[in-house]
Amino acid sequence: YTQQQISLSMRNASLEQVFAAIKQQTGYYFLYSNDIVKKVGKVNVDVKDASIDKVLKICLAGQPLTYKIIDQTITIKENAPEPPVLKTKSVAADTVITGKVTDQQNNPLPGVSVAAEGTSQGTVTNAEGNFSFRLPSGARAIVFSFMGFTPQRVEIGSNTTLDIKLAENAKSLNEVVVTALGIKRETKALGYSVTELKGSELSQGKEVNVANALSGKVAGIQVSRAASGAGGSSKIVIRGNNSLQGNSQPLYVIDGVPLDNQNIKPASSTGGIDYGDGISNINPEDIETISVLKGPNAAALYGQRGSNGVVLITTKTGRSGKGLGVRFGSDLSVGSALVTPDFQDVYGQGLNGDFTHFRVTDGRIVTMADAKAQGLQGMPKMSAGRDRITRSSWGAKMEGQEYEDQWGNILKMTPQPNTYKDFFNTEKQLINNLSVDGGTDKVNYRFSYSNTHVNGYVPTNTLDRNTFNLRTQANITPKLQLDAKVNYIFQKGQNRPTLSDASDNPAYLFISQPRSMPLSTLAAYTWTAQDIARQFGYSGVAVGQEKTYATNSSTANPYWTINNTRNTDRRDRIIGMLRLSYDFTKWLKLSARGGTDYYTDQRLRYRTIGTYQSQNRNGDMEEQVMRVREDNFDVLLSSNFNLGKDITFGLNAGASHQQRFMRLTGNTGREFIVPKLYVINNTLTNSYLFDLQESEINSVYASGQFGFRNYWFVDLSARNDWSSTLSPKNNSFFYPSVSTSLILTDALDIQSDVLSFLKVRGSWAQAGSSGNPYQLTGSYSLDQFTHGGQPMASFSSTIPDPNLKNELTTSVEFGADVRLLDNRLGLSFTYYNASTKNQILDVPLPPSAKFEFRRINAGEIRNKGIELTLSGTPLKLDNGFTWESSFNLARNRNMVVSLTEGVETFLLGADRGVNVLAQPGKPFGVLVSNGFAWLKDEQGRRLIDPATGLPLRTSGRVQVELGNVMPDWTGGFFNSFRYKGFQLTGLIDIRQGGMLYSQSNREELIFGTTKKTLAGRDGTYVASGVVAAKGTNGEWTGTGQANTKQVKAQDYWNVVANDKESVVSEEMMNDASYVSMREISLGYQLPSSLLAGKFIKRAAIGLYGRNLFYFQRKTDGFSPEAAAFNVNNSSLGLESTSLPMMRNFGVNLNIEF
Amino acid sequence: CTKDFEEMNVPPTSVTDIDAGLLLSKVQKDAAFVEGNERANIEFGSWIQHWAGGQVAPVSRYIQQPTDGVWSAHYTLLRNLGQIRNQSLKGKEDDPTGRTKLAIARIMEISVWQRLTDLFGDIPFSATTEDAGDVNNKPTYDSQKDVYTKLIADLDAAIAKLNATDLSYGNADFYYKGSVDKWKRFGNSLKLRLGLRIRYADAALAEKTVREAMAQPLLASNADNAAVPTFNNAQTTNAHPVLQQFIGGSSDLRYLAAALVNTLKAKKDPRLPLIAEPSVTSKAAGTPDYFGMGVALTDAQLLGLIKDNFSTAAMSTYFNRTLATPIPCYVFTYADVSFFKAEAALAGWGATVADAETFYQDGIKAAMAMLPYNITTVPPAYVTAEFSFAGLTEQQKLEKIMTQKWIMLFGRDYEAFSEWRRTGYPVLTPGANQGSTNGTIPRRAVYSSLEGLLNSTNYKTAVANLTGGDNYTSRVWWDKRP
C-alpha cells in the first residue's frame, strides 16, 4: 500500500522539510530522533508521481539512515553497522520469530511495531508485549519501533525467540490521542486540552465503578460518589456545574458509542435506593485508554451532550501474535468504614442526666422522679422513645447500673462503643478477569470475561456482575475493514441499602440509638409475647411484628430491615458496535458505524408483614421493569488534501442519527393478604407505574484540520442537530467551533536543553442541547384511581413553552504546554471561560402563581477557571530507579449570571434546615437556611437570655445565607517510584472550600450521641455569646457583656436542635475541604528471567490501599466526598444520614500464559 | 428526516384537552379530603383540641413551622378550577352548555378562596395567574377585606348565572349530581357563611350580606348536604381521610384531645362512643372509659405520658375499615347552615331573635342524624340539658351554638379553626408548652416558605401589614374577638 504518488521538487532542503512535505501529501507520520536527522546534510529531490519508497530511497541515498514504513508511520533510524556475514545456522525464511518487548523496567509494551527490515511485513505486539511473525525471505534484521522509544534493530541470528528492551526516547513526544468521534490526533496539533489515561493508569486498586478511579488524576475533574453500597453511582463534573436542571455530568462514549449513564429513579432526600449508573457497568479491565475532553472545546462534535465534556473510552482489541494470549487476573479487597460519627461513650439512655421511668417491685411503672420522691423499691425502666424525650443519650453516666430496658430485658448500663463494627460487615470484593486474544494479520480478536462479587458493608447487600466482551477487527479486503464488538453485562444486586432520611436506611439507627443500648436487644428483632407483657411506651404491637427501638416513624430496626425486607435487581445490558470502513484511496476514507446500548432493569422490593413502616404493618411491595435503549448510527467521510508544500488540509464530514427509548412498567401493592407470597395479586390495594419516553436527534457535521509546516494548526468544526424534542420551527440548531495551536519551539526553531517544547493553544466552541421529550405542551393527567367510578383529572403544574429553543454553551479556552529541562519537567496550563445560555429550565414559581414551575429558556451560568498540571521526573538513576511526579490543580469560578426576567431564585435542592439555590450574581449552590437562626448583636455575637443562660433564637424560621457548596479548588498529587520490577505509587486527592449541610449532625445533637455533646453535661456548659436585655418593645439587644451563666449541656443542645423540624441551621454546616490519601499501591513484576521457558509468561502481584486516611478533614463524622445521596443537583451540598465511605485494602495477581 | 418528530413528541400518558367534569371531581374530592387528613389534624385539629397531636408533630406544640403544603394545595385547587374557565369551557360563558357549569365552578372557587384567606389572612388573589399562557410569578397580596368584598360580589354574579335548564355536571359533581337547585342553595348558604365570618370586622357588609342570604333558599335538610362519598372497600385514597390516617398514618397521632372527649362526656353526648374509643388500659381493666390526651404538652408531661391510657378515634366508626356505610366526607351541611341561621337570628339579621333557639335545635338534630352517628332521635336528657336558650345571655347562647358547632365540625379542621377564632367559643385552654407562641393557641397559619423565597418583595409587604409579622400569633383581619 505504498502506491501513493508523490511529487516533490526540493533543493538544498533539510530532511525535516522533506519529511514534512511527504507528510502533507500522504498523511504519513514520521518517527525519528531529532539528533539523527541533524547528522544528515541537505538533500535534493525531484520526483514526479513517485512512490514513498522511491522518494525515501532517493533522500536517504548515501546517508547513514534507513527507513521503515509500518501502517502510516515512517520510522527513520540510523544504520546499524553492517551485519556480520550470515552463518549457516542463521534461520531460514518462513521461520516464525516470537518474543516479547518491554521497557527498561520490564513493563510489557503493547503496540510496538515489529518488522523485517526493508520490508513492509511485520506485526505489532499484543497487550502483553508479545509478538510472533513469519520472516519473509531475505530478511536480515528486525526493527522494533514504538512511539516515545528509540527504535531498535536486531540482526537475525539463530535465535527464534527475541526478548527486547526498548529505551525511552524523550525526544520524540509526538503523542497521539483519541479525540472527538474517535479520530486519532497528535496532541501537538490540538488547540484544546485533552487528558488521556491509559487503562493501566486508572487504578492499581480496583474500583468497581471506573468513574471513581479518575478522582485526583485529571485537572478539573471533580468526582463524588454516593455512599450507596456495592455497585453505586458516581458523579463526575468537569470544569464546574453548568446545568441547573441536569446533573452536569459528562457524556461517556465507548468505542464511539454513547453510553446511557442515567440513574433511573435515584434516591431522594426522603429515601430511595441507588441502583447504579451506566458507567458502573463497565469492566475496567477492558479499557485501553480514557480520553477526557473537557467541555465543548474538545467535544463540540458530540453536539448537545458534549457540553459537559466527554469521557471517551477505548477498549482493548486483539493483537496479532503467536497463538493465543491468555491473561488471568484476580483482585481481592476488603473494606471498612473510613469515618464514622464521633460517638460519646459516657452517658446512656435517658434525659436530664437520669433515667426516665422506674419499675416498682410490684410491677407498676412510674416516672423516675416519682420513684425517687416516694423512695420506691425496684429498678430504673426505659420507655420506648419518641423524639428525644426518652430515647436519647442525655441520661446518667454509664456505670454498670442495673435497669430494665423498654422491652423488659434486665441489663447493666455499659457503653456500647462498637455498634458500627458489630452490625456492619467488612466489605469483601473479589474480581476475576480472564482474557484471550490473538489473530492473524487479517483478523484479530479479543474475548474477555470478568466476574465481580461484592459482599457489601451492609449485611445481606451483595453485588454480582459478569461482563463478557468480544471484539474483533478484520481486513475483509485490503480496503475494507471491519470492527465489531459485543459487550454483555449481567448484574445482580441484592439488598442495596436505602439512603438518606428514611427509616430503613440502616445508618439511621446508629446516629440516634441510645449509646447504652446493646445491639443484642435489637438483634432479636421481632416482638415476643414476653416483650409485649413487659414493654413500656409502645402501643398496638403484636407478636411477630418488627420490634423497633422507638415509636416514631423514622426508627426501623436494621436487623429487621436486613432480614425481612428485600430488594433485588437485575440488569441485562448489551452494548454493541459494528463499524465498517473503506479506504477509497490513501486520502479518502468512509466509515459507517452502528451502535446500541440496550438494557433492561428489573427491580423487586418488598417488606414482609409486620414491618413497622408499612401500611397497617402489613407489608408492601413494588416491582418494576425498565427498558432503555439508545441507538446511534453515523457515517464519516474523511480525507486529506495537500495544498502546496507547507500546508496540510484534512476534511471530515459526517451524519448521525440517534434514537432513545425508555419504557417503565410496574406495580406497587400494599398490605399482603397471605404471608410470604410476594406477588402483586397478594396485596389488598395496588397501583401501577408507567412511563414512556422517546426521542430522536439527527445531525450533520463537518470538521477541517489545517496544518502549516507542522507547527501551526487550525481546526474548524460545525454541526447541525435536528431534535424531536423541540417544535418544528426551533428543532434545528447549529453550532461551530474553532481551535488553533502553535508549536513555538518549532516555529521559532528554538533548540534548547532548557526549553524543550513550547506550545500555545486557543479555542472557541459552542454546543447546543435540546432537553427532554414532552416539554412543549401542558397537559391533563388522570388520577390513577377513580373515586367510586368517577374519573378525576388535573392540569400539569408546569407551564410549558411551545416555543422552547435549544440551550447553547459557548466556551473559550487558552492554554500552553511547556516541557523543560530535556523534557524532564512538563507544565500544562489552561484558562477557560464557558457560559451556558438559554437553559431549558423549570423555574420554580411561588405557589401563589397557581403553577409550580414555568418552563423557559433562561439563564446564563458562567464557569471560568484555570487548570494546571505539572509533571516531571525528579529522579532518574542509572540503576533504573525512577521517581515520577505530577500535580494538578483546578480552580473553577462559577457564577449564575442571570435566570430570567423576574426570577431571582432557582431551587436546586432542600432539606429540612436548608435550601440549596442558584441566584443571579452568586455562584451555583448557595446554601440558605430554612430553619431557625441565632439572634445576634451587631458584631455577630449570639445573644444569651440572662434568665436561662441559653442562646436566643428566632421565633420562626428565617432565611439566612449560610455559605456555598462549590469548592475553591481541587487537585491531585501523584507520585510513582519504580525500581527493577517494583512500582510504588501514591495519589493524594485534594478539595478545598465549599460547605455541606449535615442531617446526621442534627440527629446526633438532638439525641446527644456524639462527643460534641459531652462538655458541660453536669450543668457547667457556658454558651458563647453576650448577655441580652429585653427592650420595652420586646426586642432583644446585646449588652456586650460575655455570658458566664452555666447551663446543662442538654438544655443548650436542645436549643440548637430540638427535633427534625426545629434546628438552628448554621450549627449543621460543615466545611467540605479535605486532603485525602486516596491510593497507595505497590506492584511487583517477576523478572522475566525467572519465568523463562516456563508455562507462565508473566506474573505480577500488587498490594493497594484506597481511601486510606485524611491529611485534612473538617466534617463532623462523615466523609465529605461521599455524603451525597444521589448524583443529581438535588443532593448538592446535603449530607443525609450517609453510610460511611469504605477504606479498602486489596491484593491482586496477574498471570499471563 | 424530521417528519415524525412532532408525533413522537406528544406525551404518551396525558392529554391536552379534557372534560370540565373531571377537573371539578378532582377539586371537590381533594378540597374535602385535605381538611381532615392527618396533616390537618395534627395542626389545626390539635389547635382546636379535637386531636391531641404529639411530640412528633412540633406544630401541635405551637412550634412555628411554615404551612407550605396547605398553601400550595389551595392554589393547586384554584389552578384546576381556573382551567375550567380558561380552557375547557372558555367562550361558553353565555351558552347553555357552559354557563351553569362555569357558575358552579366559580362557586366552588369562592369556597376555596374563602378557606385560604381564613387560614392565612392577606393572600395573592386578584393578581394571581388567570391564564397559563400569561403567568404572574410575583402576584401581589390583597387585603383580606378586599378579598371578602370581591368574593361576595362574585358569588352573587355566579348564583345569578345558575340556570336549571342548562347542561350541568351530572355524576362528575360529587356534591349534588349536577342539581342546579341544590347549587343555588349551596351558593346562598356560602354567602351566609361569608357574611357571618366578617361580622366582627365589617358589621355593615356582614349584615347586608347575611340579610340577603337569609332571604334566599338555603340548605334545608341533610339531603342538601354537600359531601364527597367515601369508599372503604376500594383503594386507600378512596377512604375517608380520618380512616386514611388510621390505615397509613402514625400510631402516635391517633389520639383525641381532652377538650373534645371531656365535653362529650360532660354532656353525656350520644356521639361519644361513635367518635372515641375507650382507652386500652380501661378496657383491659374491664371498665371501658374515655380519656382525651392533653395538647401541646411539655417535655416533662410527655415523659410521663402513657398512650394506652388515652382514647383514639372510635374503632367502630372513623377507624373502621369494614364499616358497612362509609362516612361521607362533609363539606358544608344543613347543620352548619342551621347554626349560622341561629347566629344571624340572635343578631336579628333576616330572622328574629326568637328563631335562634329553633335554628340551634335544628342544627343539633341535623348534626346527630349525620353519619356515622345516625342518631335520629336525640335522647330526652340531652334535649333537656342542651336544647333550651331560656335564661341565657346573648353571649351564652352564642357559646352554646358554637360549642355544638365545634362538636359537629369534628373532621373539618379548617372550618372549626376559623369558627373558633371568629367567636372565641368554645373557650379552649392552651396546652402548657410555650412553643413559638408563649403558650397561646395559634391564630393563623404561617405563609409558605416558598413565598418568602420566590415572591419575596410581595411577601414582605404582606408581612409588614400583619401586626406581629408572619407568625402564629398574628391575627387575620376578621379575627377581632379576644
Side-chain angles (χ1 to χ4, degrees), chain A residues 351 356 367 386-387 389-390 539-540 551-553 615-616 670 685 690 692 694-696 698 722 724-725 728 731 773-774 776-781 783 785 787-788 790-797 799 844-851 854 902-903 905 907 915 930 955-957 959 1059 1061-1062, chain B residues 1-2 5-6 8-9 11-12 14-16 18 22-23 25-26 29 55-56 58 63-66 71-72 75 78-80 82-83 124 128-129 132 135-139 171-172 229 231 235-238 247-248 250-252 299 302-304 307-308 436 448-455 471:
Chain A
L351 200 67
T356 54
T367 62
R386 308 206 291 189
D387 273 353
I389 304 298
T390 53
S539 67
T551 64
N552 73 350
S553 55
Q615 184 162 296
N616 255 0
R670 289 177 174 183
T685 60
F690 179 76
L692 176 65
E694 283 181 285
S695 61
E696 289 184 8
N698 295 322
W722 288 265
S724 72
T725 63
N731 69 5
Y774 321 132
L776 304 180
T777 42
S779 57
Y780 294 92
S781 303
D783 274 23
F785 304 113
H787 194 61
Q790 172 62 35
M792 297 177 291
S794 54
F795 192 65
S796 62
S797 59
I799 300 175
L845 302 173
S848 59
K850 290 187 188 166
F851 289 83
R854 185 168 57 156
V903 176
T905 302
L907 194 60
N915 295 310
N930 187 32
S955 66
R957 291 183 177 215
Q959 290 165 357
D1059 61 57
E1061 308 296 340
S1062 180
Chain B
C1 58
T2 61
F5 273 13
E6 274 187 275
M8 176 176 292
N9 206 31
S14 52
V15 294
T16 50
I18 210 160
L22 273 61
L23 296 171
S25 304
K26 173 82 175 157
K29 189 214 159 193
Q55 161 67 16
V56 288
I63 296 168
Q64 189 168 306
Q65 308 289 334
W71 180 265
S72 59
Y75 282 103
L78 294 162
R79 175 209 314 154
N80 283 307
Q83 286 300 120
T128 55
T129 305
V135 67
N136 181 358
N137 66 346
K138 299 284 171 59
N171 283 338
F231 306 90
Q235 301 290 337
T236 309
T237 57
N238 304 125
I247 297 170
S250 164
S251 58
D252 283 343
D299 285 3
L302 282 164
L303 196 59
K307 285 182 282 182
D308 281 355
S436 310
S448 164
S449 60
L450 290 173
E451 290 291 320
L453 212 55
L454 303 170
N455 188 18
N471 286 318

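Reminder, nothing fancy here: chain letters follow the sequence lines and each chain counts from 1. None of the values given here were measured: they were computed from a predicted structure.
- Highest contact tally toward chain B, considering only A/S794, A/A793, A/S848, A/S779, is held by A/S848 [criterion: heavy-atom pairs under 4.5 Å].
- When the candidates A/N930, A/N731, A/D783, A/T777 are compared by the number of heavy-atom contacts under 4.5 Å with chain B, A/D783 comes out ahead.
- Proximity to chain B is limited to the side chain of A/T367, based on heavy atoms less than 4.5 angstrom apart.
- Only the side chain of B/I63 comes within contact range of chain A, judged by heavy atoms closer than 4.5 Å.
- In this structure, chain B has heavy atoms under 4.5 Å from both the backbone and the side chain of A/E694.
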Exercise for the section: Assess whether side chain to side chain contact (heavy atoms under 4.5 Å, CB included) is satisfied between B/L22 and A/Q790, documenting all intermediate values. Expected result: CA-CA 8 Å; B/L22 273 61; A/Q790 172 62 35; 4.2 Å; yes

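- The closest donor-acceptor contact from the side chain of B/N9 to the backbone of A/T725 lies under 3.5 Å.
- Looking at A/L692, the atoms closer than 4.5 Å to chain B (heavy atoms on both sides) sit in the backbone and in the side chain alike.
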Exercise for the section: Report the C-alpha separation of A/R957 and B/Q65 in whole Å, then their side-chain angles, then the decisive distance to 0.1 Å, and conclude whether the side chain to side chain donor-acceptor pair (under 3.5 Å) test is met. Expected result: CA-CA 7 Å; A/R957 291 183 177 215; B/Q65 308 289 334; 2.6 Å; yes

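- Residue B/E6 touches chain A through its side chain alone, counting heavy-atom pairs closer than 4.5 Å.
- A distance-only check finds no donor-acceptor pair linking the side chain of B/S25 to the backbone of A/M792 [under 3.5 Å].
- Chosen from A/T390, A/L845, A/T356, the residue pairing most often with chain B at heavy-atom distances under 4.5 Å is A/L845.
- With a 4.5 angstrom heavy-atom cutoff, B/N238 touches chain A via backbone and side-chain atoms both.
- In this structure, the portion of B/D308 lying under 4.5 Å from any heavy atom of chain A is its side chain and not its backbone.
- Residue contact with chain A, scored on non-hydrogen atoms closer than 4.5 Å, involves the side chain of B/S448 exclusively.
- Interface residue A/F851: backbone and side-chain heavy atoms are both found under 4.5 Å from chain B.
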